[in-house]
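A, B, ... follow the sequence lines: proteins, then strands. Residue 1 opens every chain. Quick caveat, the model's predicted, so the values are computed rather than measured.
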Amino acid sequence: MTAAAEPRVVRRETSPVLAFLGRRLLGGLVALFVASILIFAALNVLPGDPASVILGRNATPQAEAVLTKRMQLDRPAAARYADWLGGFLHGDLGLSAVSLAQGQHETVWHQISGPLKNSAILAAIAALFMIPLSIGLGVIGPIYSGKAVDHAISILSLGAIALPEFVTGSLLIGVFFVGLDWLPPVAIVPPGANPLDNPSELVLPVLTLLFASLAAGVRMVRAGMTEVLQTEYVQTARLNGVAERRVLWRYALRNALAPSVQVLAQNLQWLIGGIIITESVFAYPGIGTALVNAVQNRDVTVVQSVAMLIAVVYVLLNLLADLVVMLLVPKLREPA
Amino acid sequence: MSAVAVEPVVRVENLCLGLQSGEPVVDGVTFSVGPGEIVGLVGESGSGKTTTALSLLGYTRRGIVVRGGTVEVGGESVLGRDRRALRGLRGNTVSYVPQDPGGALNPSMRVGDAILDVLRAHRRGGAAAESVRAALERVELGRDPRFAGRYPHQLSGGQQQRVTIAMACVCDPPVAVLDEPTTGLDVLTQDRILAELRRLRDEDGMAMVYVTHDLAVVSQRADRITVMYAGRVVENGQASDVLERPRHPYTRALVEAIPDFRKPRALRGITGVSVGVGEWPNGCAFAPRCAYEQTRCHETVPVLEETVPGHHVRCLRWMELDLQAGERSNGRAAGVAVESAPLLEVSGLEARYRSSRSGAPAVADVSFAVEQGRCVALVGESGSGKTTIGRCIAGLHVPAAGTISFDGVPIAGTARRRPLEVRRRIQIVFQNPFESLNPRQRVRSSIIRPLRVLRRLSRAEAEREVGELLERVKLPARLGERFPVELSGGERQRVAIARALAARPDLLVCDEVTSALDVSVQAAVLELLQELQRDLRLSMLFITHNLGVVACIADSVLVMDRGSLCETGTVSEVLAQPSHDYTRRLLAAAPCLPDGAL
Amino acid sequence: MSDALRFLRTPSGAIGGGIVLFVVLVAALGPYLAPHDPTAPVGIPLTGSSSHAWLGTDFLGRDVLSRVLNGGRSVIGYAAAATVLAYLVGMAIGLIAGYTRSMVDPVLMRTVDVMLAFPPLLFLLVLIAGAGTSITVLIIGVAAIQAPAISRIVRTATLEVSTRGYVEAGIARGERAFAVVGREVLPNILAPVLVDAGLRFTYSILIIASVNFLGLGLQPPNSDWALMISENRTYIQLNAFSVLVPAAMIGLLTIGINLTGDAIARSLGRSYVPRTTRSVTS
Amino acid sequence: MTDRSDDQPNGPDLLDGRFSRGGLLKGAAALGIGMSPLLAAACGGGASASSPVSTSAGAPKRGGQLKLGFVSGGTAETVDPFIGVTPIDEGRIQNLYDPLVIVNPDLTTSPGLALEWNPNSDGTVYEVKLRDGVVFHNGKSFGADDVIYSIQQMAKPANFGSYPFVSGIDVANMKAINKHLVRIPLKTPDGDLAANFTYYNTWIVPARQTDYKSPIGTGPFAFESFTPGQQSVFKRNPNYWVDGKPYVDSLKITSITDPTARLNALVAGQIDGLAQLPFQEAKAHQASGDINVLVAPSPQAMMFYMDTQKAPFSDNRVRQAFRLIADRPALIESAISGFGTVGNDTVGKGLPYYDESLPQRVQDIDKAKSLLKAAGQENLTVEFQTSEIFPGFVESATLFAQQAKAAGVTVKLKQEPANSYYNPSLLYLKMAFAETQWPMLSLKYFYLQALSSNAPYNETHFKSAAFSDALAKAIGALDKTQAQNYWNQVQQIQYDTGGYLQWVNADWVDAVSKNVQGLKPHAAGALGNYLFMNAWLT
């Protein structure tokens with residue numbers, strides 16, 4: 001259909017990048033909106049009265065009545081949802097349900113801001129290693145396809161992907177603490193302190209996080225690279241004498257990067273999942289630990305806000321990935 | 001060769017290539033290309049033509065190894081060279097133009113840089129930008145100075161192919177290998193590219209090896225033609241010699257299978273299927289399909305013999321056979337008597353793409369009729385909307401406006417809303433034979449389904465009829481037990497036709513049914529369709545982009561351009577005296593054999 | 001048939017297939033081979049390997065070997081149940097979206113986008129926070145995590161297959177959507193879907209094990225590999241077998257399925273790799 | 001658990017630190033309570049194989065930071081003295097505040113901020129004499145208004161942790177007679193009001209303190225920082241009313257949920273001590289001796305309970321049969337690695353009024369079978385709901401199911417999620433056969449909360465007019481002998497017809513690293529009942 005069409009003129013009126021991002025942003029916002037409804041519904045509408053759930057063994061009728069009032073559970077769910085979402089949009093995450101049960105007025109933000117920062121640092125360090133390593137290791141495989149390096153990478157990544165984080169973490173502790181006594185087995189970061197102040201404590205958590213997500217990344221980048229190496233443009237470049245290194249970098253890797261970016265974004269999202277487990281293994285005071293504790297305590301306001309924040313991070317990561325892909329794929333920079 | 005006094009730029013001597021497992025892929029191929037010569041390397045799929053051509057670049061596909069012979073390009077031996085030496089050779093001494101220009105350009109690289117990359121690989125310093133501009137100018141892309149800054153997706157298919165040609169000639173190599181460079185392009189663009197190549201040869205003296213499965217494409221542009229079959233060269237000579245006086249039965253059959261709108265005639269397909277790697281028979285590989293085979297053909301592999309200087313043939317019987325005076329029928333057998341009431345009437349049809357956001361409809365205000373027993377061809381380039389019309393008639397695409405009447409009664413847009421009888425009487429055969437049969441079902445089940453659904457036959461009755469239907473499309477009944485993957489493209493298309501016939505239709509919509517087939521197979525399928533139409537008094541709407549096919553099969557023709565009909569009339573009128581400019585251009589560009597050919 | 005098992009002839013297919021077969025056999029036949037009652041204490045807790053208990057005892061003094069032999073069924077069963085459920089839902093959504101290409105498609109796909117905006121584990125945690133812990137919640141939760149991606153894959157495959165002649169021929173015959181999907185579409189998207197199913201199954205195992213580790217997952221008193229890892233993890237230094245052997249079983253299963261899946265995907269050829277950018281035009 | 005021989009005059013232990021030894025012994029004697037055989041054995045006998053702590057350490061040293069790891073309570077962690085009940089909350093609260101009555105390592109009591117409790121003749125009004133010279137962290141001196149204010153806080157229904165203990169007090173009519181004398185009128189008679197203030201959540205805060213963001217108390221440590229679910233830092237209270245204590249300059253308490261991580265942190269030296277060491281690990285480390293394992297025998301009750309209103313447990317023969325099925329020593333040995341003493345279905349061994357005369361119940365499968373046969377419940381199948389909420393629960397349930405096979409009873413385990421196990425809207429008080437755990441500081445509140453006619457946590461749904469009557473009398477009796485008689489009646493009824501199967505009085509098992517001295521096993525709570533003022537670092 002396009003064969004006979006004249007080359008399209010690049011229009012200048014609206015930047016297609018912005019238009020695309022705008023569309024994605026809108027889509028993301030809609031997704032987040034629906035997500036907020038789901039989160040709220042899961043925590044407030046599903047069976048189990050929040051007040052009695054939070055109080056647990058102490059749920060005497062009096063205590064329950066008091067907490068119901070404090071949490072405003074007597075108001076309709078829709079109104080509470082509107083309050084919560086409105087507050088969230090203004091950066092007000094509300095009060096912790098558990099602290100309300102204790103007669104306190106602790107804000108959710110106060111409870112999670114520290115852990116959030118710690119987790120962000122942990123994830124950032126892991127990502128810092130993961131992205132170049134996944135690309136590097138993923139690219140080496142197909143280049144040395146069928147050679148020992150390729151097999152070694154394949155087998156190692158397969159092994160790493162097969163182990164859940166808590167097993168990897170335990171094994172790493174077994175080797176580097178119990179066995180060699182090189183690295184501390186837990187990462188206790190005092191509240192308010194910077195996790196980077198004590199880098200040796202971060203080594204094992206970062207390694208644990210890297211292990212699983214790196215393996216997944218390597219496998220997927222490898223698949224992308226393999227596919228690109230079979231494309232006709234790589235073949236054509238080679239058959240016209242373009243230097244092999246240039247073919248690999250400018251033709252193969254450059255084009256394998258776009259799908260890889262999406263893969264890496266997925267991996268970063270994986271990382272967020274992995275962080276919940278990893279933090280628990282290393283007693284790292286991050287958002288994962290906070291979330292698990294909140295779930296165990298049935299602190300619904302904390303859970304819903306943390307869930308929502310993570311969903312936002314997720315959507316932002318997707319958006320960022322889209323942006324990078326747009327920059328890498330010229331075709332996407334133009335109106336459809 | 002002796003006609004060319006100077007040293008050839010390509011010399012292939014007894015080249016043998018094989019799979020690692022041992023089966024030969026290319027056997028004893030010998031040919032040469034003189035400076036500035038265009039050689040067409042022709043053969044059906046699986047004939048080893050591409051493998052041979054790529055060996056000029058010192059490239060073999062994974063799993064293929066060189067078993068013997070020599071390949072010299074520009075005086076340098078190619079085989080057995082290390083990667084570094086080969087890289088110096090490629091693009092500089094011998095360059096490459098790929099088949100699919102869309103896929104052959106790095107999507108993330110501006111076309112100027114792509115050309116520059118080839119240049120940089122071989123030339124250091126100098127006015128690189130100037131060379132790039134010169135290369136673009138040579139392929140007539142240099143007018144816009146911003147062109148070099150465009151990305152591949154911003155170009156049309158023809159422009160993309162010209163860029164790959166520019167890449168191939170930026171270093172002025174004496175030879176270029178072109179691997180089916182116009183397959184997938186529409187007729188008009190193909191014609192322009194071919195003219196371009198010819199001009200490049202004329203101006204710069206670049207020799208070309210042009211690989212194609214379509215003899216017609218190279219018939220008017222090549223200096224010499226090399227025909228390959230089952231890994232061997234079967235005929236080789238001056239283009240005019242080969243086309244006018246083919247010595248090999250295969251070549252002759254190929255020529256005869258080419259539908260030519262200027263000389264409409266009954267096509268004759270080659271029986272059987274071309275042999276694949278690993279199934280070469282003893283003796284002459286073509287013998288099983290050859291009309292002139294004898295016992296000895298199955299015993300000895302013939303050698304390539306020189307008939308006249310510069311013309312070689314590999315046939316035991318070339319001397320005894322007179323292949324020139326082929327019987328020529330005068331086009332299509334006389335059409336069945338026209339009945340007044342049209343079977344199908346389309347009026348004011350308008351259709352839109354589902355996803356299309358732009359206002360332009362895919363088909364606008366199209367009206368025509370198909371009378372009982374007639375074959376109406378619907379012609380146009382890809383994207384002209386012809387397929388959409390066929391789909392509307394089959395009930396697969398809901399028209400936005402207009403009516404479709406069948407046997408005088410307007411019918412619904414979706415098949416499910418039509419009465420069973422209408423659904424039975426209208427059948428469609430699709431373009432791609434590889435996708436038109438359910439790979440998970442045996443041929444038998446595919447054919448039984450319409451018998452059961454549309455004709456309400458019992459299982460036993462249906463089972464009985466399968467054999468008859470297969471016979472009708474000239475397939476052995478045992479094929480019913482096979483899965484589609486075990487069939488060739490031509491066989492699959494016959495099964496698809498049998499499936500349509502199972503409904504005992506009155507109207508058959510054929511959507512580009514031969515465009516994915518090799519020319520020889522296409523001829524056989526067309527032959528079958530003609531016969532069916534005659535015997536079963538079928539009406540046909542035949543959708544195609546090939547004017548040669550139209551001339552062979554249709555009674556009248558509808559020409560489509562960008563969604564609307566631009567010309568209608570009987571085949572002879574339209575092809576002889578096109579009134580619309582678009583039709584004229586289409587005719588001018590359509591590949592056909594040179595006047596002298598057979 | 002030999003065609004379907006062609007992947008076994010590649011090294012990775014043969015090794016992977018062998019590993020999967022081994023783990024499945026252990027899970028299936030283990031209970032009949034176990035030397036001890038998997039729930040009865042047979043000695044002092046957390047002793048190492050002995051002739052009485054080859055892999056030592058766990059934190060309650062039960063025989064680790066017997067528990068490993070008995071522990072495959074439930075972990076494979078729960079993960080399989082979750083995966084199957086995910087497939088029922090995901091396939092239904094994907095087929096409807098891909099086949100009808102009507103308004104249903106964008107609506108379903110946007111919903112899927114929303115689901116994909118959640119980290120899987122987070123989704124489960126929120127669900128558990130709301131609905132409490134139980135095997136039902138866990139299986140439904142894991143299925144809900146998997147279903148969106150499945151529906152995407154199925155939709156892509158369906159979209160591709162739906163334009164094929166044999167599907168259109170069915171539509172032109174006026175057959176019911178159900179019949180067309182069942183006869184023509186489903187059998188032809190099954191192969192890539194099955195490859196994917198293996199990997200999803202291993203992911204189900206890992207996520208169930210992870211939730212379990214957090215103390216929020218299934219908590220049966222019976223032997224179960226995922227449970228064995230989490231209940232004995234604290235004592236890894238006292239009897240490493242009690243953690244490492246079940247972890248190895250899960251790891252082997254994952255590796256085996258990955259290898260097999262790769263091999264099957266390769267034997268199916270590149271035609272099954274979903275196309276990303278190429279659009280379908282007339 | 002260590003230096004049994006160290007129970008001598010100059011030993012730097014809690015009692016010496018806080019009170020004069022003579023005063024304590026006098027107080028204990030005055031209350032008519034001797035050291036129970038259980039605790040005597042535990043604290044004095046040196047029978048246990050636990051680690052050799054601190055004997056050679058010499059005199060206490062000042063300075064340093066004591067870093068401790070506890071099971072995290074997540075964001076639910078609190079320093080609100082009227083709410084916190086988990087070990088980590090207790091660990092903090094106990095160091096920020098002081099109680100009116102102090103519980104000693106052997107569960108006898110000593111005066112805390114209240115020196116004397118003087119009831120009127122019918123036990124309806126108490127005059128409480130308060131300690132002089134105590135100041136809050138902010139410099140305010142402690143007095144009667146603080147006590148009145150604190151009890152008012154305790155009585156608020158929202159303070160669900162504390163209000164049951166003061167529900168008998170006529171809060172509105174409390175009166176400060178002078179700065180160090182308070183009059184507390186009661187709504188119902190109580191023979192031992194002081195015992196109400198030994199339990200959790202009865203700490204003294206300064207009057208008008210309303211929020212606990214930076215709490216102020218009179219305790220040995222003063223608040224510095226606190227992040228729930230993560231960490232808190234308290235600094236030494238230099239004005240603490242016990243001379244010389246605390247020894248360390250600051251106290252850091254870290255939340256570490258994962259038991260492995262907690263133990264790893266201790267081994268790696270990132271913390272100096274931890275609460276709730278898993279039993280099996282405790283055993284291994286006792287053997288290896290790389291860290292000091294603190295084992296504190298206590299009457300902490302771990303029990304199976306049967307709903308006396310639901311079939312088949314409504315038939316007392318079935319309940320008795322189950323009690324005879326349990327092989328308690330085996331349960332203790334395997335489920336909790338031997339860290340406990342055999343339970344006898346009546347709680348509070350070693351506490352005042354515990355009836356020592358009841359014969360120890362032992363496994364008797366034959367008798368159990370015949371009881372079941374008599375009840376028509378041969379080949380009985382029951383569901384047993386358990387949870388990982390406390391270490392030893394799942395383990396003991398698993399083992400009990402195994403033991404029950406011998407009596408022809410099929411026990412099907414159902415492991416419930418920890419966070420709904422004690423949730424009354426989901427599972428708690430709805431289960432027919434399940435497990436529970438009670439910390440035990442006095443008989444009174446266990447019976448009031450679990451077994452009285454209007455007990456909020458009546459797990460066994462036990463209802464008996466005679467029992468309720470006896471219980472009310474036992475609580476109201478002013479005369480010790482009379483009280484003991486009534487308490488014996490109460491316990492006899494439970495022993496014969498109750499729904500509890502108490503299989504163990506479980507030890508508190510904690511660990512400290514070798515450089516921590518002065519922390520002694522304490523029957524009332526983990527890590528030497530959190531009395532970190534006694535600890536010093538070498």
Side-chain angles (χ1 to χ4, degrees), chain A residues 1-12 16-17 19 23 142-143 145-146 224 226-261 324-336, chain B residues 54 57-59 83-84 86-110 113-114 117-118 120-122 144 147 150-159 164 167-168 170-171 173 177 179 184-186 188-189 357 362 381-384 562:
Chain A
M1 214 169 83
T2 52
E6 277 306 296
R8 293 187 209 89
V9 181
V10 185
R11 270 187 275 166
R12 293 275 167 215
V17 181
R23 265 203 316 283
I143 293 176
S145 175
T226 305
E227 200 173 320
V228 171
L229 279 175
Q230 288 166 354
T231 57
E232 216 165 318
Y233 53 84
V234 167
Q235 159 108 326
T236 303
R238 281 179 174 160
L239 288 184
N240 277 320
V242 176
E244 187 62 17
R245 195 193 305 181
R246 176 109 179 130
V247 171
L248 288 178
W249 283 98
R250 187 61 186 80
Y251 290 71
L253 181 58
R254 176 68 162 68
N255 291 296
L257 267 184
S260 299
V261 163
V324 174
V325 169
M326 285 211 70
L327 296 176
L328 288 174
V329 182
K331 190 170 178 177
L332 296 177
R333 279 179 243 157
E334 282 164 39
Chain B
L54 289 177
L57 293 139
Y59 175 85
R83 286 158 61 140
R84 194 184 185 79
L86 281 178
R87 200 162 60 232
L89 215 65
R90 292 173 183 171
N92 198 22
T93 308
V94 51
S95 60
Y96 174 72
V97 177
Q99 176 168 7
D100 167 21
L105 290 170
N106 185 343
S108 66
M109 193 179 245
R110 297 171 195 276
D113 294 337
D117 258 3
V118 180
R120 284 263 166 79
H122 304 289
D144 185 347
F147 193 90
R150 296 216 174 122
Y151 285 101
H153 69 272
Q154 296 170 320
L155 312 180
S156 68
Q159 287 173 322
T164 64
M167 283 164 71
V170 68
C171 292
V177 172
D179 185 7
L185 297 180
D186 63 284
L188 296 178
T189 314
R357 277 192 216 126
E381 290 180 76
S382 50
S384 61
R562 273 165 284 176

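With sequence neighbours excluded, the residues forming a side chain to side chain donor-acceptor pair (under 3.5 Å) with Ser108(B) are Arg250(A), Asn255(A), Asn106(B), listed by chain and number. The side chain to side chain contact (heavy atoms under 4.5 Å, CB included) test applied to Arg84(B) returns Asp82(B), Arg87(B), not counting sequence neighbours.
Within a 6.0 Å sphere centred on CZ of Arg562(B), other residues, nucleotides and ligands contribute 12 heavy atoms or fewer.
Within the 4.5 angstrom heavy-atom criterion, only side-chain atoms of Leu54(B), from C-beta onward, approach chain A.
Contact tally against chain A (heavy-atom pairs below 4.5 Å) for Val170(B), Asn92(B), Asp117(B), Leu57(B): the top residue is Asp117(B). When each of Pro173(B), Pro152(B), Pro98(B), Gly88(B) is scored by its heavy-atom pairs under 4.5 Å with chain A, the top score falls to Pro98(B).
Using a 4.5 Å heavy-atom cutoff, the side chains of Tyr59(B) and Gln235(A) are in contact. Inter-residue side-chain proximity for Arg238(A) and Tyr96(B) is flagged as unmet; no heavy-atom pair is nearer than 4.5 Å.
The distance from atom CG of Asp179(B) to atom CG of Leu239(A), rounded to the nearest 0.5 Å, is 9.5 Å. The OH atom of Tyr251(A) lies 9.0 Å from the CG atom of Leu105(B); values are rounded to the nearest 0.5 Å.
Judged by distance alone, with hydrogens and angles left aside, the side-chain atoms of Glu232(A) form a donor-acceptor pair with the main-chain N or O of Asp100(B) at under 3.5 Å.
Nearest heavy atoms, Tyr233(A) versus Pro107(B): CE2-CD, 3.4 Å. Heavy-atom minimum distance, Ala121(B) versus Gly241(A): CB-O, 3.2 Å. Scanning all heavy atoms of the two residues, the minimum distance from Met167(B) to Asn240(A) falls at CE-ND2, 4.2 Å.
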